[in-house]
Amino acid sequence: MKGVSKRLVLLRTTWSRSCSHVAFHHNVASETSSLLNHCYNRDLPKAMQTLDTMEKRGVWADAIAYSELIKCCLAHRAVREGKRVHQHIFSNGYQPKTFLINVLLNMYVKFNLLEEAHILFDKMPERNVVSWTTMISAYSYAKLNDRAMRLLIFMLRDGVMPNMYTFSSVLRACERLCDLKQVHSSILKVGLESDVFVRSALIDAYSKLGELLEAVGVFREMVTGDAVVWNSIIAAYAQHSDGDEALELYKCMRRAGFTTDQSTLTSVLRACTSLSLLELGRQIHVHVLKFEEDLILNNALLDMYCKCGSLEDAKFIFNRMADKDVISWSTMISGLAQNGFSMEALNLFDSMKVSGPRPNYITILGVLFACSHAGLVNEGWHHFRSMKNLYGIDPGREHYGCMLDLLGRAGKLDEMVALIREMNCEPDVVTWRTLLDACRAHRNVDLATYAAKEIIKLDRQDTGAYVLLSNIYANSKMWDDVAEVRRTMNARGIRKEPGCSWIEVNNQIHAFVVGDKSHPQIDNINRKLNQYINRLTEAGYVPDKNFVLQDLEEEQSECSLRHHSEKLAIVFGIISFPREKTIRIWKNLKICGDCHIFAKLIAKLEQRHIVIRDPIRYHHFQDGVCSCGDYW
DNA sequence: ATAGGGTTAG
């Protein structure tokens with residue numbers, strides 16, 4: 001009884017507010033139900049017809065029916081019809097309630113018509129939390145972060161309380177740490193930090209600003225969470241190259257009984273990629289098969305195989321992918337180029353031009369890198385000079401870097417200097433380091449000295465540049481200058497990072513450092529290493545002690561050369577694996593000249609395939625040659 | 001009617 005009278009009162013208020021026609025009384029129920037019927041059947045033309053009839057007769061349906069109609073427009077992506085509904089709702093002095101205007105707002109946002117949405121928003125007689133949140137979310141989604149933040153401030157001034165929806169939207173728009181901290185403290189003040197949406201948005205926001213400790217703090221306070229919160233923190237670690245922690249959290253997530261999905265696996269693959277864990281990556285691949293058509297996940301898998309040096313697997317994945325976007329193509333092109341298969345990379349770029357998506361900034365980087373690797377100076381210049389015209393991409397710092405690399409490799413030092421002068425941005429440490437590497441390879445002491453000094457001007461802590469300068473001076477017997485460089489280094493507390501190499505054997509990572517005797521099999525490894533060196537010496541191997549133009553430490557005796565970490569790792573790989581298994585090593589510093597020769601010879605002697613990944617490049621050793629073409 | 005997580009280079 002009570003319910004019925006309440007409904008009557010409600011109806012009466014609707015009439016008095018919206019009805020200026022006597023006819024309305026009679027028709028509202030039947031018009032509404034006919035409109036609703038068409039909407040439920042997703043029959044947009046009929047629904048619009050009904051709307052026209054209603055307008056001619058001056059009758060209106062209720063807000064629920066209009067909201068269904070708008071849903072129907074959205075489902076059909078019918079922008080014109082949507083705008084027509086908007087007109088209808090405001091025609092003849094009808095004053096829709098906030099609820100209905102919010103539905104319209106949402107429609108414009110979903111149609112990506114932010115301009116229209118904002119005009120409507122400005123005209124609203126009153127705005128509730130949903131109106132504000134709809135706009136804030138639209139702006140943060142469109143990366144118009146300033147606007148989103150400003151709206152939050154206006155909202156608070158208007159006395160409207162943000163809810164968890166508002167906060168999870170606005171967190172995506174926090175570009176400055178101070179904004180984020182303020183939003184975070186507001187969240188704590190109103191007690192919304194335990195909402196899973198807010199929590200994952202917080203973790204993600206801190207992670208994007210590089211505040212990993214804050215992110216993990218938010219994660220640790222979690223009492224009840226869901227899979228997305230776990231995914232957020234795993235992604236945070238994976239994106240900041242802390243693969244170990246990402247994998248550890250992945251284990252915890254599974255132990256806690258959460259279902260892992262595409263997002264989890266993508267981050268886990270990224271962790272495998274950064275740690276070069278090919279075997280674990282293969283195991284994850286098995287789980288990936290459940291989500292075969294997921295593009296992002298497949299791209300991550302593709303990248304994992306490229307970066308772990310298994311191009312066979314990468315090509316298999318790439319060819320099997322039904323959908324390939326610009327990232328898939330770029331990943332494959334760069335992967336081939338980085339692993340030394342330049343011609344294949346360039347051929348793939350040709351087929352991309354024919355049947356693939358439009359190349360982007362990063363694609364061109366891979367192409368230039370391939371040219372550099374293959375020593376194709378003219379082809380490199382061609383791509384570099386035509387990228388603007390063909391693809392509308394202005395060459396950026398990285399493209400100049402690739403071109404410098406290409407010229408350096410080809411020994412064109414003068415052209416390098418000219419290109420540095422031509423650059424549209426200031427040379428940075430990387431620029432000068434590229435020049436320095438070229439000078440080292442082509443033995444140009446004067447230019448090397450100049451480049452090293454430029455590096456030190458920009459980065460007082462650059463170890464390599466100091467050591468190199470000191471070696472150059474020593475070679476020219478300029479002892480005062482040597483002493484000066486050493487004094488500066490000591491004064492600035494500069495030390496060389498010890499070289500370290502890692503290899504995965506039986507799902508375990510083994511680390512090797514020069515002079516470190518902690519590995520359980522170190523004696524065996526050293527014995528074996530000495531045997532190899534002796535056998536190779538008989539075959540004509542001479543340790544490369546020329547360190548004048550290498551940034552190595554001064555105690556460059558044959559003894560320490562002998563025990564460089566990558567040599568230990570190679571020997572350990574040989575004794576651990578059968579002949580047909582590829583030995584994969586990754587290390588923190590660039591490989592030295594002597595280890596490079598050693599690896600080439602041992603690959604031939606033992607008929608092995610050895611892959612060494614340093615911070616920038618890959619070396620595939622096979623049959624006495626290296627894929628890098630002896631330039632790195 | 002409004003909300004959160006994943007891919008290429010450096």
Side-chain angles (χ1 to χ4, degrees), chain A residues 63-64 66-68 70-71 74 97-107 109-110 127-138 140-141 162-172 192 195-205 207-208 225-236 238-239 246 260-271 273 288 291 294-304 306-307 321 324-335 337-338 359-369 396-399 401-402 428-430 615-616:
Chain A
I64 300 292
Y66 290 133
S67 114
E68 285 304 318
I70 291 168
K71 268 190 215 162
L74 279 167
K97 283 185 275 185
T98 306
F99 163 81
L100 188 50
I101 310 183
N102 284 341
V103 175
L104 280 171
L105 268 187
N106 179 44
M107 177 192 78
V109 169
K110 295 255 166 72
R127 305 171 188 87
N128 63 17
V129 58
V130 177
S131 331
W132 287 100
T133 304
T134 303
M135 291 312 297
I136 290 176
S137 136
S140 69
Y141 188 79
N163 62 16
M164 52 272 247
Y165 291 79
T166 324
F167 281 123
S168 35
S169 292
V170 89
L171 281 168
R172 297 175 53 138
L192 283 172
D195 180 80
V196 284
F197 283 78
V198 172
R199 192 181 296 280
S200 55
L202 267 172
I203 292 171
D204 193 52
S207 160
K208 290 216 164 79
D226 68 358
V228 178
V229 181
W230 280 94
N231 288 346
S232 308
I233 192 69
I234 292 174
Q239 285 160 358
T260 56
D261 64 7
Q262 294 99 311
S263 173
T264 328
L265 293 181
T266 304
S267 298
V268 170
L269 281 172
R270 180 159 174 168
T273 307
V288 170
F291 307 100
D294 192 292
L295 179 58
I296 297 180
L297 182 52
N298 272 303
N299 283 344
L301 185 65
L302 178 63
D303 190 45
M304 185 277 292
C306 286
K307 294 268 173 32
M321 282 168 69
K324 299 188 199 45
D325 65 359
V326 64
I327 296 185
S328 328
W329 287 86
S330 306
T331 304
M332 193 70 237
I333 291 172
S334 299
Q338 286 171 327
N360 69 10
Y361 190 95
I362 296 168
T363 321
I364 307 297
L365 277 181
V367 172
L368 292 178
F369 192 84
R397 184 182 287 289
E398 291 95 341
H399 297 102
C402 272
D428 63 1
V429 178
V430 182
I616 4 180

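Chain A is the first sequence line, chain B the second, and so forth, proteins listed ahead of strands; every chain is numbered from 1. Please read these numbers as outputs of a predicted model, since none were measured by experiment.
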- Query: Between dT7(B), dG6(B), dT2(B), which one does the side chain of K208(A) approach most closely?
  - Reply: dG6(B)
- Query: So which nucleotide from dG6(B), dT8(B), dT2(B) ends up closest to the side chain of V130(A)?
  - Reply: dT2(B)
- Message: Measuring from the side chain of Y165(A) (C-beta onward, heavy atoms only), which nucleotide among dG4(B), dA3(B), dA1(B) has the closest atom?
- Response: dA3(B)
- Message: Over all strands shown, is R270(A) touching base, sugar-phosphate only, or nothing at heavy-atom distances under 4.0 angstrom?
- Response: sugar-phosphate
- No-H, no-angle donor-acceptor pair, D226(A) side chain to dG4(B) base, under 3.5 Å: yes
- Message: Quick check for you: among dA9(B), dG6(B), dA3(B), whose closest atom lies nearest to any side-chain atom of F197(A)?
- Response: dA3(B)
- Residues in salt bridge (Lys or Arg N to Asp or Glu O under 4.0 Å) with K110(A), at least two apart? none
- Checking dA1(B), dG6(B), dG10(B) against the side chain of E398(A) (C-beta onward), the nearest is dG10(B)
- Which whole-number value in Å describes the distance from Q338(A) CD to dG10(B) C1'? 11 Å
- Item | Closest to side chain of S263(A), choosing from dG6(B), dG10(B), dG4(B) | dG6(B)
- Message: Determine whether a donor-acceptor pair (one donor, one acceptor, N or O, separation below 3.5 Å) exists between the side chain of S169(A) and the base of dA3(B).
- Response: no
- Note on the structure: The nucleotide from dG6(B), dT8(B), dA3(B) with an atom nearest the side chain of L297(A) is dG6(B)
- Message: Does K110(A) reach a base, just sugar-phosphate, or nothing at all? Heavy atoms under 4.0 Å.
- Response: sugar-phosphate
- Message: So if I take every side-chain heavy atom of T133(A) and compare against dT2(B), dG6(B), dA3(B), which nucleotide ends up nearest?
- Response: dT2(B)
- Starting from P on dA9(B), measure out to CG on D325(A) and report it in whole angstrom. 13 Å
- Check the distance between dT7(B)'s P and K307(A)'s NZ and give it to me in whole angstrom. 12 Å
- At what distance, to the nearest 0.5 angstrom, does NZ of K208(A) lie from CD1 of I203(A)? 12.0 Å
- With heavy atoms under 4.0 Å as the rule, sort L269(A) into base, sugar-phosphate or nothing. nothing
- Task: Answer with yes or no whether N128(A) presents, from its side chain, a donor or acceptor under 3.5 Å of a partner atom in the base of dA1(B).
- Result: yes
- Item | Integer-rounded Å distance: dT7(B) P and F291(A) CZ | 16 Å
- Message: Closest approach to the side chain of T331(A), judged atom by atom: which nucleotide of dT7(B), dT8(B), dG4(B) is it?
- Response: dT8(B)
- Query: How long is the line joining CD1 of I364(A) and C1' of dT8(B), in whole Å?
  - Reply: 13 Å
- Note on the structure: Separation of dT2(B) atom P from R172(A) atom CZ, nearest Å, is 15 Å
- Checking all strands, does V109(A) fall into the base, sugar-phosphate, or nothing category for heavy-atom contacts under 4.0 angstrom? nothing
- Task: Would you indicate whether Y361(A), at its atom OH, is surrounded by more than 12 heavy atoms from other residues, nucleotides or ligands within a distance under 6.0 Å?
- Result: yes
- Message: Taking any heavy-atom pair under 4.0 Å as a contact, classify V198(A): base, sugar-phosphate, or nothing.
- Response: nothing
- Establish, with yes or no, whether the OP1 or OP2 oxygen of dA3(B) is under 4.0 angstrom from a side-chain nitrogen or oxygen of S137(A). yes
- Task: Tell me which nucleotide among dT7(B), dT2(B), dA3(B) gets nearest to the side chain of T266(A).
- Result: dT7(B)
- Query: In whole angstrom, what separates M107(A)'s CE from dA1(B)'s P?
  - Reply: 15 Å
- Task: Classify the nucleic acid contact of V103(A) as base, sugar-phosphate or nothing, counting any heavy atom under 4.0 Å across all strands shown.
- Result: sugar-phosphate
- Message: Just to verify, which of T260(A), T266(A), D261(A) counts as forming a side chain to side chain donor-acceptor pair (under 3.5 Å) with T264(A)?
- Response: D261(A)
- To the nearest angstrom, how far is M321(A) atom CE from dT7(B) atom P? 14 Å
- Note on the structure: Only one of T133(A), T98(A), N102(A) passes side chain to side chain donor-acceptor pair (under 3.5 Å) with N128(A), and that residue is N102(A)
- Message: So, using salt bridge (Lys or Arg N to Asp or Glu O under 4.0 Å) as the criterion, who are the partners of D226(A) when residues are at least two apart?
- Response: none
- Item | Which atom of A271(A) lies closest to which atom of A246(A), heavy atoms considered | CB-CB, 4.0 Å
- Message: I'd like to know if N299(A) reaches the base of dG6(B) with its side chain, counting only an N/O donor and acceptor under 3.5 Å.
- Response: no
- Query: Within the structure shown, what part of the strands sits under 4.0 Å from N298(A) by heavy-atom distance: base, sugar-phosphate, or nothing?
  - Reply: nothing
- Query: Hey, does the side-chain of S168(A) have a donor or acceptor N/O within less than 3.5 Å of a partner on the base of dG4(B)?
  - Reply: no
- Query: Is there a donor and acceptor pair closer than 3.5 Å between the side chain of N102(A) and the base of dA1(B)?
  - Reply: yes
